[in-house]
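All remarks here apply to the structure that follows.
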2 protein chains.
Amino acid sequence: MRTDIELETEVMTLLKKHDLRLTQVRKEVLSVFLIKEQALSQSDIEENVGQIDRITLYRTLRSFEDNGLIHRAIDGTDKLRFALCVDLCEKENHKHNHAHFHCEKCTKTICLNGVEFPKIIHPAGFKVKETYYVMQGVCSKCQ
Amino acid sequence: MRTDIELETEVMTLLKKHDLRLTQVRKEVLSVFLIKEQALSQSDIEENVGQIDRITLYRTLRSFEDNGLIHRAIDGTDKLRFALCVDLCEKENHKHNHAHFHCEKCTKTICLNGVEFPKIIHPAGFKVKETYYVMQGVCSKCQ
DNA sequence: AACATTTTTGCAACATAGTTTCAAATACAA
DNA sequence: TTGTATTTGAAACTATGTTGCAAAAATGTT
Ligand SMILES: [Mn+2]
Ligand SMILES: [Mn+2]
Ligand SMILES: [Zn+2]
Ligand SMILES: [Zn+2]
């Protein structure tokens with residue numbers, strides 16, 4: 001666990017590290033990501049913060065993404081979700097090589113940071129810049 | 001290449017095979033999938049058929065999907081795309097194990113039917129039912 | 001070919017998500 | 001504390017997803 005003070009400190013440190021101004025909205029949204037350890041959709045976040053304007057939230061997520069704080073968690077559903085970047089992501093330069101798991105029962109999506117996936121044979125003539133690996137099924141808690 | 005007659009025959013055969021009535025809309029939409037050999041979004045299709053009601057198109061795509069004629073091509077973009085099923089997919093029982101490639105230049109998404117991906121280690125306690133593998137980059141034509 | 005039955009279509013209406021513009025509020029550094 | 005740049009929230013608009021319903025079309029049967 002983490003005390004409130006520790007959370008606040010962590011939030012401030014992360015925002016500064018990624019060149020983001022420390023605003024009320026950003027602190028709240030980032031806190032939610034740190035507390036819930038899963039990928040979050042816009043509506044997930046709205047349910048976990050005091051009222052925030054949806055346009056502001058929309059822009060907050062884009063700026064987090066642009067600045068390497070969160071990444072899109074592709075999970076094969078039509079809902080767009082974001083998750084905290086694990087480490088060294090920078091402005092315009094995300095570096096992820098982990099799979100995402102989407103549970104069809106609890107509808108949660110999580111980053112499988114431990115599950116690296118192997119390089120597979122790329123088709124000749126194609127230049128591959130990003131790869132995503134998605135798993136869907138039932139998570140350990142929902143068995 | 002394929003003659004118009006051959007195309008028409010193929011369309012009829014496919015629709016019948018998948019228990020779908022042979023309607024004007026369905027024939028047109030399926031033709032587009034057969035001609036363009038790539039994953040198509042709703043707007044892609046609208047651009048390639050005479051005017052079709054968007055709700056009808058929406059429902060046409062769902063019924064094609066339900067009946068194993070097309071599948072969702074997860075490509076990591078926020079645009080939903082569908083592609084023809086290669087073979088043996090049935091009602092409620094799609095069987096795909098191929099990767100999808102999305103080109104950031106021409107924005108096309110294609111099925112890499114030849115590129116099977118390896119089973120990767122599933123996290124303990126998780127039951128995996130579906131997996132998707134997505135590649136993004138620059139396609140051979142856009143190099 | 002005409003009919004009866006079931007499915008599909010097109011329209012209206014509504015829901016939700018994405019996006020731009022702009023003025024007021026806020027953050028930050030001088 | 002003050003000036004500047006950024007962020008926020010509201011309005012307005014666009015795109016996409018979804019249901020209900022009556023008219024039209026498809027199919028199987030006389
Ligand atoms: Mn992730
Ligand atoms: Mn495919
Ligand atoms: Zn679950
Ligand atoms: Zn291309």
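Lettering of chains follows the sequences in order, A, B, ..., and the numbering in each one begins at 1. Just the heavy atoms: all of them, side chains too, but no hydrogens, waters or symmetry mates, feed the values below.
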Side-chain (B:Ser63) to main-chain (B:Thr60) donor-acceptor, under 3.5 angstrom:
yes
C:dC28 C1' sits how many Å from A:Asp19 CG, rounded?
14 Å
Report yes or no: is there a donor-acceptor pair, N or O only, under 3.5 Å between the side chain of A:Arg59 and the base of C:dG18?
no
Rounded to the nearest Å, what distance is computed from the NE2 atom of residue B:His18 to the P atom of nucleotide C:dT7?
19 Å
Is the distance between the ring centroids of A:Phe82 and A:Phe64 under 6.0 Å?
no
For A:Cys139, run the side-chain contact (heavy atoms from CB on, under 4.5 Å) check against A:Gln143, A:Met135, A:Lys141 and tell me which one passes.
A:Lys141
Is A:Thr60 near enough to D:dT7 that one of its side-chain N or O atoms lies under 4.0 angstrom from OP1 or OP2?
no
Starting at CD of A:Glu28 and ending at P of D:dG9, how long is that distance when rounded to a whole Å?
10 Å
Can you tell which of D:dG9, C:dT6, C:dT9 lies closest to the side chain of A:Thr56?
D:dG9
Residue A:Leu22, side-chain heavy atoms: nucleotide from D:dT19, C:dT9, C:dC28 that is nearest:
C:dC28
Could you tell me whether the phosphate oxygens of D:dT8, OP1 or OP2, come under 4.0 Å of any side-chain nitrogen or oxygen in A:Thr23?
yes
Walking DNA chain D from its 5' end, the first of B:Tyr58 and B:Arg21 to be reached, judged by nearest nucleotide, is B:Tyr58
Without decimals, in angstroms, what is the distance between A:Arg62 CZ and D:dT8 C1'?
16 Å
Has the side chain of A:Arg54 got a donor or acceptor atom sitting under 3.5 Å from an opposite partner on the base of C:dG18?
yes
d(CD1, A:Ile45; P, C:dT16) in whole Å
18 Å
On DNA chain D, does the nearest nucleotide to B:Leu20 precede the nearest nucleotide to A:Ile55 from the 5' side, or the other way round? Give the residue.
A:Ile55
Between D:dG17 (P) and B:Lys79 (NZ): distance, integer Å
10 Å
If the plane angle is over 60° it's perpendicular, under 30° parallel, otherwise tilted; pick one for B:His100 and B:His71.
parallel
Mapping B:Val25 and A:Gln42 to their closest nucleotides on DNA chain C, which lands nearer the 5' end?
B:Val25
Report yes if at least one side-chain N or O of A:Arg26 is closer than 4.0 Å to OP1 or OP2 of D:dT7; otherwise report no.
yes
Rounded to whole Å, how long is the line connecting atom CD of A:Gln24 with atom C1' of D:dT6?
16 Å
Rounding to an integer number of Å, can you tell me how far B:Asp53 CG sits from D:dA22 P?
18 Å
Taking all non-hydrogen atoms of both residues into account, name the closest pair between B:Ile74 and B:Val134 and its distance.
O-CG2, 3.4 Å
